[in-house]
K.L.:
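Encoded as structure tokens, here's the structure I'll be asking about.
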Amino acid sequence: MLAPVSITSSVPEPITPDAPVVLHSPLLTQEWLDLTFVHWAVDPAVVAGLLPAGTVPDTLDGVTFVGLVAFRMHRVGWMRLPGVPYFGSFPETNVRLYSVDEYGRRGVVFRSMDASRLVPVVMGRLGFRLPYVWSRMSVRTGGQGGDGGNRVAYTSARRLPGPRGAYSRLVVRPGERIAEPTALEHFLTARWGMHKPFLGGAGDAAGFLPNDHPRWPLHRATLVTCEENLVRSAGLPAPAGDPVSVLYSPGVRVRLGRATAGPPRG
């Protein structure tokens, strides 16, 4: 049975498939391409201590989730400058949790962020206090299995700062596009910001960094292979049983705003 976890004083904002706020002056622009979302249900009490101060696990029907999200980051750019083709393009795999803060803002909390380019890893760790780590990684699309279906394959092997030996290998077979995502599929993907201590914040208090992008084009997917220890390496129990959701998206263009501490502006 799931243990109760205290909730925030504010009512969580609605889950909407479209961004509630359009970021007209973004801090960063980028594309997230060839994404696979793999999620397992988890007791909120198990992850509550892993979230920043001022946030609690966001839940759906009393359950929260741990996500393993693999994709290609493409052409990260500052402000409205053109995206960087080499240093701004790389595979990435995240372990993330679901959070809501005292102002009702829903978001994600990243427990680890494997990326294959060292420069973005260093910038993400120093400039944004994000848990980026340097890994050997690949994303391969278009391969076919014995069933003739197209597959997408992701691999990662941790380099620095560790733990050494952390790895993942995912292979999925995307299906038809989803006409109307379920409440769970919206909950897991319609996330319009991240919670994380940022420069300028007080102690371990959470800041909020918003994002906006077009509505996700989502496909349900078959998980062909899932070999990983990234979830356990991120301080969580190893997943037990089959995932509750496996989704694929060809991707979206994304804008990220400036991190803020305290209540929403405006």
Side-chain angles (χ1 to χ4, degrees), residues 26-38 47 50-52 55 66-79 81 83-99 107-139 154-170 191-201 204-211 213 228-236 251-261:
L27 177 64
L28 292 169
T29 61
Q30 52 200 241
E31 293 179 69
W32 300 339
L33 303 178
D34 295 314
L35 301 96
T36 287
F37 305 82
V38 182
V47 303
L50 301 176
L51 302 181
T55 67
V66 55
L68 186 65
V69 182
F71 64 104
R72 289 191 300 114
M73 183 78 79
H74 186 62
R75 298 185 71 92
V76 176
W78 288 94
M79 309 295 187
L81 297 175
V84 180
Y86 177 77
F87 287 111
S89 299
F90 47 87
E92 183 168 331
T93 298
N94 301 328
V95 175
R96 73 187 199 183
L97 303 174
Y98 291 81
S99 52
V108 298
V109 172
F110 292 108
R111 292 293 301 167
S112 66
M113 306 173 79
D114 287 72
S116 65
R117 294 273 188 263
L118 181 57
V119 170
V121 166
V122 173
M123 293 179 65
R125 291 181 70 90
L126 297 181
F128 291 90
R129 295 186 180 178
L130 290 170
Y132 269 105
V133 291
W134 187 33
S135 298
R136 294 181 180 88
M137 307 184 73
S138 68
V139 179
Y154 313 81
T155 64
S156 70
R158 189 76 51 85
R159 283 173 157 170
L160 294 171
R164 298 297 294 270
Y167 73 96
S168 67
R169 179 172 179 264
L170 298 175
R191 293 281 145 173
W192 305 112
M194 73 172 81
H195 291 111
K196 182 66 185 174
F198 288 98
L199 293 174
D204 291 329
F208 185 78
L209 192 154
N211 70 73
H213 56 72
E228 64 84 30
N229 63 5
L230 297 185
V231 172
R232 184 165 53 83
S233 297
L236 293 149
V252 290
R253 295 181 60 88
V254 184
R255 294 179 290 194
L256 302 178
R258 290 165 176 78
T260 60

K.L.:
Quick one: do Thr29 and Val76 satisfy side chain to side chain contact (heavy atoms under 4.5 Å, CB included)? Show the steps, please.
P.N.:
CA-CA 6 Å; Thr29 61; Val76 176; over 6 Å; no
K.L.:
Lys196 and Phe110: side chain to side chain contact (heavy atoms under 4.5 Å, CB included), yes or no, with the steps?
P.N.:
CA-CA 8 Å; Lys196 182 66 185 174; Phe110 292 108; over 6 Å; no
K.L.:
State, with a plain yes or no, whether a side-chain heavy atom of Val139 is found less than 4.5 Å away from one of Phe71.
P.N.:
no
K.L.:
Roughly how far apart are Leu236 CG and Ser112 OG, rounded to 0.5 Å?
P.N.:
8.5 Å
K.L.:
Which residues satisfy the ring pair (Phe, Tyr, Trp, His ring centres under 6.0 Å) test with Tyr154, sequence neighbours excluded?
P.N.:
none
K.L.:
Donor-acceptor pairs are to be reported for all side-chain atoms of residues 155-162 against protein atoms at under 3.5 Å, with residues two or more places apart or in another chain.
P.N.:
residue : atom : partner : partner atom : Å
Thr155  : OG1  : Ser138  : OG           : 2.6
Ser156  : OG   : Ser168  : N            : 3.4
Ser156  : OG   : Ser168  : OG           : 2.7
Arg158  : NE   : Asp114  : OD2          : 2.7
Arg158  : NH1  : Gly162  : O            : 3.0
Arg158  : NH2  : Asp114  : OD1          : 3.0
Arg158  : NH2  : Asp114  : OD2          : 3.4

K.L.:
Sequence neighbours left out, what passes side chain to side chain donor-acceptor pair (under 3.5 Å) with Tyr132? Give chain and number order.
P.N.:
Glu92
K.L.:
Side chains of Ser99 and His195: any donor to acceptor distance under 3.5 Å?
P.N.:
yes
K.L.:
Would a 4.5 Å heavy-atom cut-off, applied to side chains only, mark Arg96 and Phe37 as touching?
P.N.:
yes
K.L.:
Minimum heavy-atom separation for Ser89 and Arg75, please, with both atom names.
P.N.:
OG-N, 2.9 Å
K.L.:
Side chains of Thr93 and Val69, heavy atoms from C-beta outward: is any pair under 4.5 Å?
P.N.:
no
K.L.:
Give the C-alpha distance, both sets of side-chain angles, the deciding distance and a yes or no for side chain to side chain contact (heavy atoms under 4.5 Å, CB included) between Val121 and Val133.
P.N.:
CA-CA 6 Å; Val121 166; Val133 291; 5.6 Å; no
K.L.:
Given Leu33 and Leu35, is the side chain to side chain contact (heavy atoms under 4.5 Å, CB included) satisfied, shown in steps?
P.N.:
CA-CA 6 Å; Leu33 303 178; Leu35 301 96; 5.6 Å; no
K.L.:
Taking the side chain as everything from C-beta on, heavy atoms only, tell me whether Pro52 gets closer than 4.5 Å to Val109.
P.N.:
yes
K.L.:
Would you indicate whether the side-chain heavy atoms of Arg111 and Leu50 approach each other to under 4.5 Å?
P.N.:
yes
K.L.:
Tell me, please, which residues at least two apart from Arg72 pass salt bridge (charged side-chain N to carboxylate O under 4.0 Å, His left out).
P.N.:
Asp34
K.L.:
Who pairs with Trp32 by side chain to side chain donor-acceptor pair (under 3.5 Å), at least two apart in sequence or on another chain?
P.N.:
Gln30
K.L.:
Return the minimal non-hydrogen interatomic distance between Phe208 and Gly193, and the atom names on each side.
P.N.:
CZ-CA, 3.5 Å
K.L.:
Leu209 versus Leu256: any side-chain heavy-atom pair under 4.5 Å?
P.N.:
yes
K.L.:
So, do Val108 and Leu97 sit near enough that their side-chain heavy atoms are less than 4.5 Å apart?
P.N.:
no
K.L.:
So, using side chain to side chain donor-acceptor pair (under 3.5 Å) as the criterion, who are the partners of Glu31 when residues are at least two apart?
P.N.:
Arg253
K.L.:
Kindly write out the residues that satisfy side chain to side chain donor-acceptor pair (under 3.5 Å) with Arg191, not counting sequence neighbours, or none if the list is empty.
P.N.:
Asp58
K.L.:
Using a 3.5 Å distance criterion without hydrogens, assess whether the side chain of Ser233 forms a donor-acceptor pair with backbone atoms of Asn229.
P.N.:
yes
K.L.:
Can you confirm whether Leu68 sits close enough to Val66 that some side-chain heavy atom of one is under 4.5 Å from a side-chain heavy atom of the other?
P.N.:
no
K.L.:
In chain order, what residues pass the ring pair (Phe, Tyr, Trp, His ring centres under 6.0 Å) check against Trp134, with sequence neighbours excluded?
P.N.:
none
